[in-house]
Amino acid sequence: SEGLSSHPFMPLMCFTLMFCVVSVTNVPPHHSTIRPGFPVPVNTNNPGVRKAARFGVYRYNNSSNDLFLFKESQIKKAMVQIVRGLKYMLHVEIKRTVCEKRDHPSLDSCHFQREKNLQQMLRCYFEVWIQPWTHTVHIPVDHCQ
């Protein structure tokens, strides 16, 4: 496991500025019953969680037929599993923005719809597997309803 420390719950280094993922406060004690490779809860404000959620939203936007882009409005729950990288399991609410897909603006500058008849919120479950040392992201599961 390149780039990760030998202890499975201590990937405390940053691979790039975008891949600082598990903080010291989330590391279980040595007597913990959590075994290597098992998903552990992670703070929904964690930069790695937020980046993984954005990858899930990109996947949703690329596969939807909606005229408008969606953006994450709230990350409800997040887990991370260390397995040849970091696999995030995320429950995310996404909402329709005012940005049309054809314009391709940055999602950061897209505001949520204010017109009642255009507002839409979806609940999504994303699994986002990031391998920072190879700069690859896989999204084996993206389910929104």
Side-chain angles (χ1 to χ4, degrees), residues 1-28 32-115 118-145:
S1 58
E2 299 170 45
L4 298 177
S5 69
S6 60
H7 190 281
F9 294 106
M10 298 201 48
L12 301 176
M13 59 195 294
C14 295
F15 303 99
T16 69
L17 287 178
M18 296 182 288
F19 291 115
C20 301
V21 286
V22 180
S23 70
V24 177
T25 56
N26 290 328
V27 176
S32 171
T33 56
I34 298 170
R35 286 176 268 152
F38 277 53
V40 293
V42 63
N43 191 306
T44 55
N45 288 322
N46 178 292
V49 169
R50 297 176 74 75
K51 184 142 194 81
R54 180 59 58 92
F55 282 129
V57 170
Y58 285 148
R59 168 62 66 86
Y60 174 80
N61 283 331
N62 285 335
S63 62
S64 86
N65 292 324
D66 203 288
L67 177 65
F68 296 96
L69 292 169
F70 278 70
K71 180 167 91 169
E72 63 280 7
S73 60
Q74 187 176 14
I75 301 170
K76 303 291 274 182
K77 182 180 176 185
M79 305 277 285
V80 66
Q81 180 179 13
I82 298 165
V83 51
R84 289 173 299 163
L86 296 160
K87 180 178 167 188
Y88 292 93
M89 290 143 278
L90 308 171
H91 293 269
V92 182
E93 287 182 356
I94 66 173
K95 290 183 180 177
R96 185 183 278 145
T97 69
V98 296
C99 297
E100 293 187 20
K101 278 187 179 179
R102 65 174 179 222
D103 297 333
H104 296 292
S106 163
L107 273 180
D108 291 330
S109 62
C110 291
H111 299 289
F112 294 115
Q113 277 289 351
R114 291 197 184 104
E115 289 187 44
L118 290 176
Q119 291 177 353
Q120 186 177 0
M121 189 269 290
L122 299 170
R123 289 179 176 88
C124 300
Y125 175 73
F126 299 129
E127 288 186 7
V128 181
W129 183 35
I130 299 173
Q131 292 182 302
W133 56 91
T134 60
H135 306 288
T136 57
V137 176
H138 301 282
I139 305 170
V141 179
D142 66 304
H143 178 71
C144 296
Q145 58 183 19

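Basis for what follows: all heavy atoms, side chains included, without hydrogens, waters or symmetry-related copies.
Of all the heavy atoms in Val92 and Ala53, the pair that sits closest is CG2-CB, 4.3 Å. Residues Asp142 and Phe126 come closest through the heavy atom pair CB-CD2, 3.6 Å. Gln119 approaches Arg114 most closely through the heavy-atom pair NE2-O, 3.3 Å. The minimum heavy-atom distance between Arg84 and Trp133, with the atom names listed, is C-CH2, 3.6 Å. Annotation for Pro39 and Met89: closest pair CB-CE, 3.8 Å, computed over non-hydrogen atoms. Leu107 approaches Lys71 most closely through the heavy-atom pair O-CD, 3.1 Å.
For Thr44 (side chain) and Ala78 (main-chain N/O), no donor-acceptor pair under 3.5 Å exists by modelled atom type. Distance alone, capped at 3.5 Å, places no donor-acceptor pair between the Arg96 side chain and the Phe68 backbone. Looking only at distances, no side-chain donor or acceptor of Glu127 sits under 3.5 Å from a matching main-chain atom of Lys87. Listed for the Glu93 side chain is no donor-acceptor partner under 3.5 Å among the backbone atoms of Glu72.
Listed by chain and residue number, Pro105, Ser106 satisfy the side chain to side chain contact (heavy atoms under 4.5 Å, CB included) test with Ser109 (two or more places apart in sequence, or in another chain).
In this structure, Gln113 CD and Met121 CE are separated by 15.0 Å, a value rounded to the nearest 0.5 Å. Remark: Tyr125 OH to Gln145 CD distance equals 13.5 Å, nearest 0.5 Å. Note that the NE2 atom of His91 and the CD atom of Gln74 stand 13.0 Å from one another [nearest 0.5 Å]. Residue Leu86 holds its CG atom at 11.0 Å from CH2 of Trp129, rounded to the nearest 0.5 Å.
Residue pairs meeting the disulfide (SG to SG under 2.5 Å) criterion with at least one partner in residues 73-109, sequence neighbours excluded, are Cys99-Cys110. Sequence neighbours left out, not one pair with a member in residues 51-82 passes disulfide (SG to SG under 2.5 Å).
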Practice item. Walk me through it: do Val49 and Asn43 pass the test side chain to side chain contact (heavy atoms under 4.5 Å, CB included)? Key: CA-CA 8 Å; Val49 169; Asn43 191 306; over 6 Å; no
Point to revise | Test side chain to side chain contact (heavy atoms under 4.5 Å, CB included) applied to Ile130 and Phe55, step by step | key: CA-CA 10 Å; Ile130 299 173; Phe55 282 129; 4.2 Å; yes
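Within 6.0 Å of atom CZ in Arg54, more than 12 heavy atoms from other residues, nucleotides or ligands are found, so the atom counts as buried in its surroundings. For Lys101, the NZ atom counts as densely surrounded, since its 6.0 Å shell holds more than 12 non-hydrogen atoms of other residues, nucleotides or ligands.
Tested against Ile94 for a side chain to side chain contact (heavy atoms under 4.5 Å, CB included), the candidates Asn61, Val57, Leu69 yield a single pass: Val57.
Ring planes of Tyr60 and Phe70: perpendicular class, angle over 60° (limits at 30 and 60°).
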